[in-house]
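A short write-up of the structure that comes next.
Quick note on labels: first sequence line is chain A, next is B, and so on, each numbered from 1.
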Number of protein chains: 2
Amino acid sequence: MPRRVDPDVRREQVADAVIEEIAAHGLRSVTLARISERTGLAIGSIRHYFGDTLREVMRFTLNVLTQRIGRRATTMSDDPVARITDVIAFAAPTSDQERREHIALVEYRVMARTDPEFAADIAATSLQGAEVVRSLLRDALADRAIDEEALRREALLLFTLVEGFSFGSAMLSSPLRETDVRDVVTATVHRLRGAYPPVEEVAEDALS
Amino acid sequence: MPRRVDPDVRREQVADAVIEEIAAHGLRSVTLARISERTGLAIGSIRHYFGDTLREVMRFTLNVLTQRIGRRATTMSDDPVARITDVIAFAAPTSDQERREHIALVEYRVMARTDPEFAADIAATSLQGAEVVRSLLRDALADRAIDEEALRREALLLFTLVEGFSFGSAMLSSPLRETDVRDVVTATVHRLRGAYPPVEEVAEDALS
DNA sequence: ACTTTTTTGGCATGGACGTGCTAGAAACGC
DNA sequence: GCGTTTCTAGCACGTCCATGCCAAAAAAGT
């Protein structure tokens, strides 16, 4: 038996095994036996770190996922339009590791629809995401005349793109092209901006 | 025992029970025992109609889903823009029955990601959907000058909206507002059209 | 040196479930 | 009326899995 292990490191190792299993075979296929195979740890050993139950393993793993993905989404450009594009591009990652994590999160979301205990965690994440999008959109339209109702609808558009790229990409066997995603989003946001007059023009119109 | 039953009707009854179970508790919760509870038929009786296996039940149900949803998506307006809006609005239905069916399809899609046998059926459906979107987009842009590459990208935008509304709506406990969905799509398509000059203007530009 | 904590490990049990297979009743066809 | 088909039904068994619980070895603390 080796010297002392950092329990957090061990838990993260187990979470990674769960993520890999989900990405490879779906969330339904996650069992202690399969985690054991992937980690090389015995079932009893795994259980030791998670209050003895598979459910705790699953909860911890969801927590790891949301934190990793949330952390990733905060490293962004200064330009508001570019930041929106970054956020949406994050929803359709291209690196293997990130893809696996995103796929796992989609699978968790589907499960959480019918499991109240996980639903709360997922809902909190969704609210955060929606708030980020809305906030970014406000920044991007700071120089435009737009009422709250229209802002809400435009936020829905962007959020739907996040959802669409997230789900669509997770369901594919290979990643979407990042340039495609960025081009689509950039064009959409520019057209969106173009639909609302700059604030200065509105003032000039009132004068004339 | 009643008189002769129409086997197709019986099978459809079972499929409906599966759909309800999926919508209520997720696809992972579908078992012969639960189908039995929902239909009032004994397990042996259910199996009789499906070659004895649950898997056949699941396959048949997927078939029912794709046919129902595909049939629904063909009753559309004449105006190409309105037709695109209709298709995308179908992805986020508001009636209880349609919602259940769409939710069930989303759950099947997630399962099919890691089950080759179902993947083929789902892939065929996705290809069809993408082709419908592309074709509608061509119609809507028939009077516009657009190259194939841009058309592909715009189709990706629309298809992503379909995916986004489909997944997003399925994950919610109550439906999106149809007017919101339609407003978002209509605005997006109009802006999209506005990004490409009419064919006549292009010809005039060439003359001058 | 002894006690406590940490880590690895796994037995035993019960539950859930799918499936191979069988049986009987009723409808139908000849 | 008899044989065939259809339909309803469920037993028995094997597989898979989570979980309550226990044990031993090694590290760490006193």
Side-chain angles (χ1 to χ4, degrees), chain A residues 1-22 24-62 107-108 111-112 114-118, chain B residues 1-22 24-62 107-108 111-112 114-118:
Chain A
M1 176 161 78
R3 55 175 178 247
R4 289 300 159 95
V5 181
D6 183 345
D8 283 335
V9 170
R10 186 63 96 218
R11 289 194 189 99
E12 198 114 357
Q13 177 191 358
V14 170
D16 276 321
V18 172
I19 290 163
E20 285 184 20
E21 183 66 26
I22 293 174
H25 300 294
L27 202 147
R28 68 186 183 281
S29 142
V30 175
T31 63
L32 288 172
R34 291 207 187 90
I35 298 170
S36 172
E37 279 167 30
R38 283 188 182 267
T39 57
L41 300 169
I43 290 178
S45 200
I46 293 163
R47 294 172 64 194
H48 168 75
Y49 292 94
F50 295 97
D52 262 350
T53 70
L54 176 63
R55 196 165 181 84
E56 286 302 313
V57 177
M58 304 304 288
R59 289 207 63 177
F60 179 81
T61 301
L62 174 58
E107 293 243 0
Y108 263 101
M111 178 186 69
T114 50
D115 187 325
E117 212 174 306
F118 288 98
Chain B
M1 178 159 79
R3 56 177 179 245
R4 290 299 160 95
V5 180
D6 181 347
D8 283 335
V9 169
R10 187 62 95 220
R11 289 195 188 99
E12 197 114 355
Q13 176 191 359
V14 170
D16 276 321
V18 173
I19 291 164
E20 284 184 19
E21 184 65 27
I22 293 175
H25 301 293
L27 203 148
R28 68 186 182 280
S29 143
V30 175
T31 62
L32 287 171
R34 292 209 187 90
I35 299 170
S36 172
E37 279 167 30
R38 283 187 182 267
T39 56
L41 301 169
I43 290 178
S45 200
I46 294 163
R47 294 171 64 193
H48 169 76
Y49 293 94
F50 294 97
D52 263 350
T53 70
L54 175 64
R55 196 164 179 83
E56 286 302 313
V57 177
M58 303 304 287
R59 288 209 63 178
F60 179 80
T61 302
L62 174 59
E107 292 242 3
Y108 264 100
M111 180 188 67
T114 48
D115 186 325
E117 211 174 307
F118 288 97

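- Atom CE in B/M58 sits about 14 Å away from atom C1' in C/dC17, given to the nearest Å.
- One donor-acceptor pair, N or O on each side, does fall under 3.5 Å between the base of D/dT5 and the side chain of B/R4.
- Annotation: side chain of B/V5 is in contact with side chain of B/Y49 (closest heavy-atom distance under 4.5 Å).
- Taking atom CD of residue B/E56 and atom P of nucleotide C/dG18, one finds them 14 Å apart after rounding to whole Å.
- When the salt bridge (Lys or Arg N to Asp or Glu O under 4.0 Å) test is applied to B/R55, the partners found at least two apart in sequence or on another chain are B/D115, B/E117.
- As rounded to whole Å, 14 Å separates atom P of D/dT19 from atom CZ of A/F50.
- Atom CG in A/L32 sits roughly 13 Å away from atom C1' in C/dG9 (whole-Å rounding).
- In the set D/dC7, C/dT19, C/dT8, the nucleotide with an atom closest to the side chain of B/R47 is C/dT19.
- Comparing A/R34 and A/G51, the nucleotide of DNA chain D nearest to each residue sits closer to the 5' end for A/R34.
- Screening B/L41, B/T53, B/L54 for a side-chain contact (heavy atoms from CB on, under 4.5 Å) involving B/L32 leaves a single residue, B/L54.
- Side-chain N/O atoms of B/Y49 include none lying less than 4.0 angstrom from OP1 or OP2 on D/dT6.
- In this entry the distance linking NE2 of A/H48 with C1' of C/dC11 reads 19 Å, nearest Å.
- By the salt bridge (Lys or Arg N to Asp or Glu O under 4.0 Å) test, B/E37 is found to be paired with no residue, residues two or more places apart in sequence or in another chain being considered.
- Per the geometry, CG belonging to A/D52 stands 8 Å off C1' belonging to D/dC21, to the nearest Å.
- Looking at the side chain of A/T31, the nearest of the listed nucleotides C/dT7, D/dC17, D/dC7 is D/dC17.
- For B/I43 and B/P7, each mapped to the nucleotide of DNA chain D holding its nearest heavy atom, the one lying further toward the 5' end belongs to B/P7.
- Taking atom CG on B/L41 and atom P on D/dG10, their separation rounds to 11 Å, with Å as the unit.
- B/F50 pairs in a side-chain contact (heavy atoms from CB on, under 4.5 Å) with only one of the listed residues (B/R59, B/R10, B/E56), which is B/E56.
- Residue B/L54 is in sugar-phosphate contact alone, with no base atom involved, counting any heavy-atom pair closer than 4.0 Å across all strands shown.
- Comparing atom distances between the A/T53 side chain and each of D/dT8, D/dT19, C/dT7 picks out D/dT19 as nearest.
- In this structure, B/R11 places its CZ atom 12 Å from P of D/dT8, rounding to the nearest Å.
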